[in-house]
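Worksheet: one structure, shown below.
For the numbers below, each heavy atom of this structure counts, side chains included, while hydrogens, waters and symmetry mates do not. Every value quoted in this text rests on a predicted model; they were computed, and no experiment measured them. Numbers restart at 1 for each chain; the letters A, B, ... are given by sequence-line order, proteins then strands.
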Protein chains: 2
Amino acid sequence: MTFEVRVDTASPVPPYEQIRAQLSELIDQGRLVAGDRLPPVRQLAADLGLAVGTVGRAYRELEAAGKVSSRRGGGTRVTAEAAPRPPAELARLAADYVEAARRLGTADRDLIAAVQRALAPQ
Amino acid sequence: MTFEVRVDTASPVPPYEQIRAQLSELIDQGRLVAGDRLPPVRQLAADLGLAVGTVGRAYRELEAAGKVSSRRGGGTRVTAEAAPRPPAELARLAADYVEAARRLGTADRDLIAAVQRALAPQ
DNA sequence: GAATTTGTATCAAACACATGATACAAATTC
DNA sequence: GAATTTGTATCATGTGTTTGATACAAATTC
């Protein structure tokens with residue numbers, strides 16, 4: 001159950017989101033399973049050269065998504081509800097969608113906008 | 001060829017992007033066709049209670065996308081290259097993708113991230 | 001060709017957001 | 001139960017982005 005999180009400070013996507021996304025993917029991939037413990041916020045923050053609040057935010061968002069459970073004094077652990085998914089499946093779906101949409105002549109930006117519209121139909 | 005553009009100031013997506021997206025969709029839908037003229041930036045800006053530069057930015061981005069052509073003193077018109085697409089098609093593709101991804105238990109955010117990853121493979 | 005119309009460039013101000021530092025709260029450890 | 005560990009709340013700071021105001025440039029109109 002050893003893993004690594006990396007943060008690219010040059011990226012436009014903020015560190016807390018990079019951390020959240022990477023941990024989320026580790027859980028989805030089943031490389032972190034129910035009961036596994038995430039490193040303490042202070043440890044991960046020190047490793048990455050970030051503030052504790054930054055890692056804390058990533059943990060909080062993962063908790064809101066139901067993937068981990070945090071308790072003060074306790075720690076942060078992967079929940080039983082966080083079932084692993086076949087990793088290639090989502091990527092394949094996304095690739096199929098992108099290919100089909102591009103064939104329609106859709107610009108990348110509008111392609112993502114269409115997904116967002118499908119997510120939250122007014 | 002009458003149309004309407006609305007801006008929701010409460011939305012987190014900035015006005016210039018709302019304008020761009022709506023006009024882009026009007027063009028994709030074929031409700032604005034090649035040669036059709038967009039309103040002058042000052043007129044649209046006045047209608048929406050925005051600054052000319054805000055509308056101007058939307059026009060500039062549409063031009064960069066090849067959907068319109070702007071000329072000082074002339075105006076801004078839909079290009080011949082901006083071919084209309086079947087409107088339901090993209091929405092249907094997006095809806096299918098969202099449904100399939102959700103069936104995998106994917107969170108909305110990760111669902112969009114997967115598309116972005118498919119767009120720009122590292 | 002002068003006046004007008006129309007898009008663009010510039011730049012300071014406003015705004016939104018993430019971060020870092022610090023203090024606080026709750027559970028565990030001994 | 002005291003000390004330690006761990007997550008959270010707060011808030012000022014910094015950074016990037018959007019906006020608004022204004023001036024400028026280019027085409028059209030008369």
Side-chain angles (χ1 to χ4, degrees), chain A residues 5-24 27 32 35-79 109 113, chain B residues 5-24 27 32 35-79 82 109 112-113:
Chain A
V5 173
R6 292 193 184 183
V7 167
D8 173 14
T9 54
S11 166
V13 32
Y16 86 87
E17 170 60 17
Q18 294 185 40
I19 297 168
R20 185 207 64 80
Q22 286 176 47
L23 291 176
S24 179
I27 294 170
L32 284 176
D36 278 354
R37 191 168 182 181
L38 269 53
V41 289
R42 284 169 183 76
Q43 179 185 319
L44 188 50
D47 286 353
L48 298 173
L50 299 172
V52 295
T54 303
V55 177
R57 174 158 182 187
Y59 282 19
R60 243 175 295 129
E61 303 221 358
L62 286 169
E63 176 160 49
K67 298 200 173 183
V68 304
S69 173
S70 293
R71 272 161 35 208
R72 297 182 175 186
T76 299
R77 294 173 184 277
V78 177
T79 61
R109 187 155 37 178
Chain B
V5 173
R6 292 190 185 185
V7 167
D8 174 14
T9 54
S11 166
V13 30
Y16 85 87
E17 170 61 17
Q18 293 184 42
I19 296 169
R20 186 208 64 80
Q22 286 176 47
L23 291 175
S24 179
I27 294 170
L32 286 176
D36 279 354
R37 192 167 181 183
L38 269 51
V41 288
R42 284 169 183 75
Q43 178 185 320
L44 187 51
D47 287 353
L48 299 173
L50 299 172
V52 295
T54 303
V55 177
R57 176 160 181 186
Y59 282 18
R60 244 175 295 129
E61 302 221 0
L62 286 169
E63 177 160 47
K67 298 199 172 184
V68 304
S69 173
S70 292
R71 270 161 35 208
R72 299 181 175 188
T76 299
R77 293 173 184 276
V78 177
T79 61
R109 186 154 36 178
I112 291 175

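In this structure, the OH atom of B/Tyr16 is 7 Å from the P atom of D/dT19, given to the nearest Å. Atom-to-atom, CD of A/Gln43 to P of D/dG7 comes out at 10 Å; the value is rounded to the nearest Å. With rounding to whole Å, B/Arg77 atom CZ is found 12 Å from D/dA27 atom C1'. With rounding to whole Å, A/Arg42 atom CZ is found 14 Å from D/dA9 atom P.
Rotation axes derived from the C1' atoms of the five outermost pairs at either end of the helix from C/dG1-D/dC30 to C/dC30-D/dG1 lie 20° apart, to the nearest 10°.
Rounded to the nearest 0.5 angstrom, A/Ile27 CD1 and A/Asp36 CG are separated by 9.0 Å. The OG1 atom of B/Thr76 sits 6.0 Å away from the OH atom of B/Tyr59 when rounded to the nearest 0.5 Å. Once rounded to the nearest 0.5 Å, the distance linking OG of B/Ser24 with CD of B/Glu17 reads 9.0 Å. Atom CZ of B/Arg37 and atom CG of B/Leu32 lie 13.5 Å apart (nearest 0.5 Å).
Regarding contacts with the backbone of D/dA9, every side-chain N or O of A/Arg72 stays at 4.0 angstrom or more from both OP1 and OP2.
Inspection of the A/Thr79 and A/Lys67 side chains reveals no N or O donor paired with an N or O acceptor under 3.5 Å.
For A/Gly73 and B/Leu38, each mapped to the nucleotide of DNA chain C holding its nearest heavy atom, the one lying further toward the 5' end belongs to B/Leu38. Residues B/Thr76 and A/Glu17 each lie close to DNA chain C; by heavy-atom proximity, the contact nearer the 5' end of the strand is made by B/Thr76.
At the heavy-atom level, A/Pro12 lies nowhere under 4.0 Å from the strands shown.
Looking at A/Leu44 and A/Val52, their side chains never come closer than 4.5 Å, going by heavy atoms from C-beta outward. Contact annotation: the side chain of A/Leu50 approaches that of A/Ile19 to within less than 4.5 Å [non-hydrogen atoms, C-beta and beyond]. Residues A/Glu63 and A/Ser69 have side chains in contact (heavy-atom distance under 4.5 Å, counting atoms from C-beta outward).
A heavy atom closer than 4.0 Å to some atom of DNA chain C occurs in A/Leu50, A/Ala51, A/Val52, A/Thr54, A/Arg57, these being the qualifying members of residues 48-66 of chain A.
Among residues at least two apart or in separate chains, salt bridge (charged side-chain N to carboxylate O under 4.0 Å, His left out) pairs with a member in residues 48-59 of chain B are B/Arg57-B/Glu61.
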